[in-house]
Amino acid sequence: MMPIAILSALADEQDGLVHLLQDAQQITHAGRTFWRGTLHDSEVICVLSGIGKVAAATTAVVLIERFGAQAMVFTGVAGGLGSDVQVGDVVVAHDYVQHDMDASPIFPRYEVPGYGRQRFACDAALTATLAQAVQHCVDH
């Protein structure tokens, strides 16, 4: 079974997850500390990527190449857009925009060169599973 990766930018965002892992194993590789274990009968790797897109991207590459991650979830304090989103709400994204992308005037603002679009869809099945898990946590 290939693991699901859970990335966090800050230690406070990751600590609770690492403590929930069963049979946790600490692995240091490429300047990062990875925690491999089981969470709700799924193989999981938690890692502190650090702050920023470059840190997240380089950590994601290691998760794919070294650990064979089949899916990735980024968890932690972040921004969700919506008129009804309040501080403390849990937001599960269905798509995302690179908010600081600006290759204008060659391309429209937010459009990622080479892709011809501004919005990128998240994995629909993973999004649905995450939304169900969040609802379960809220209900219980």
Side-chain angles (χ1 to χ4, degrees):
M1 178 167 66
M2 295 173 70
I4 296 170
I6 303 175
L7 292 86
S8 303
L10 304 171
D12 288 346
E13 299 166 340
Q14 182 195 50
D15 287 343
L17 289 167
V18 170
H19 288 86
L20 291 174
L21 290 178
Q22 297 171 345
D23 303 318
Q25 195 180 26
Q26 182 180 349
I27 303 161
T28 302
H29 180 72
R32 302 277 188 262
T33 300
F34 298 83
W35 291 92
R36 179 177 238 156
T38 304
L39 184 62
H40 299 290
D41 298 322
S42 294
E43 184 182 355
V44 172
I45 298 177
C46 294
V47 61
L48 189 61
S49 67
I51 298 170
K53 293 185 291 185
V54 173
T58 57
T59 304
V61 169
V62 173
L63 285 163
I64 293 166
E65 290 186 346
R66 171 95 155 96
F67 297 100
Q70 68 174 1
M72 289 185 208
V73 175
F74 200 95
T75 184
V77 178
L81 297 177
S83 60
D84 58 344
V85 176
Q86 303 295 316
V87 172
D89 286 352
V90 176
V91 176
V92 177
H94 55 79
D95 63 359
Y96 58 95
V97 173
Q98 188 169 310
H99 72 90
D100 58 353
M101 183 68 212
D102 190 355
S104 62
I106 301 169
F107 298 94
R109 186 166 187 202
Y110 307 121
E111 182 177 309
V112 178
Y115 290 91
R117 61 181 188 226
Q118 300 170 343
R119 292 184 169 275
F120 293 83
C122 297
D123 180 279
L126 184 55
T127 297
T129 300
L130 287 170
Q132 288 173 348
V134 167
Q135 190 61 54
H136 178 78
C137 287
V138 169
D139 291 345
H140 297 92

Would you please test V92 and T127 for side-chain contact (heavy atoms from CB on, under 4.5 Å) and show each step?
-> CA-CA 7 Å; V92 177; T127 297; 4.0 Å; yes

Quick one: list whatever passes side chain to side chain contact (heavy atoms under 4.5 Å, CB included) with I51, sequence neighbours left out.
-> A9, L10

Applying ring pair (Phe, Tyr, Trp, His ring centres under 6.0 Å) to Y115 and not counting sequence neighbours gives F120

Verify the cluster assignment for L48 and W35: are they in a single hydrophobic cluster under the rule of side-chain heavy atoms below 4.5 Å apart?
-> no

Examine L39 and I4 and state if one hydrophobic cluster contains both, with Ile, Leu, Val, Met, Phe, Trp and Tyr joined whenever side-chain heavy atoms are less than 4.5 Å apart.
-> no

Residues two or more places apart in sequence or in another chain: which of them pass ring pair (Phe, Tyr, Trp, His ring centres under 6.0 Å) with H40?
-> none

May I ask you to decide if V97's main-chain N or O and Q118's side chain share a donor-acceptor pair within less than 3.5 Å?
-> no

Partners of R36 by salt bridge (Lys or Arg N to Asp or Glu O under 4.0 Å), sequence neighbours excluded?
-> E43

Step through the shown structure and confirm whether more than 12 heavy atoms of other residues, nucleotides or ligands are within 6.0 Å of CZ on R119.
-> no

Should M2 and F67 be regarded as members of a common hydrophobic cluster, given that ILVMFWY residues are connected when their side-chain heavy atoms come within less than 4.5 Å of each other, either directly or indirectly?
-> no

Flag yes if I45 and F74 sit in one hydrophobic cluster, no otherwise; membership is Ile, Leu, Val, Met, Phe, Trp, Tyr, and two members link when side-chain heavy atoms are under 4.5 Å apart.
-> yes

Who pairs with T75 by side chain to side chain contact (heavy atoms under 4.5 Å, CB included), at least two apart in sequence or on another chain?
-> I6, S8, L17

Heavy atoms only: give me the nearest L126-A71 pair and the separation to one decimal.
-> CD2-CB, 4.0 Å

For H29, the side chain to side chain contact (heavy atoms under 4.5 Å, CB included) test, sequence neighbours excluded, returns F34, V62, R66

Can you hop from V47 to I64 via hydrophobic side chains spaced under 4.5 Å?
-> yes

V138 and V90: CA distance, side-chain angles, deciding distance, side-chain contact (heavy atoms from CB on, under 4.5 Å) verdict = CA-CA 10 Å; V138 169; V90 176; 5.7 Å; no

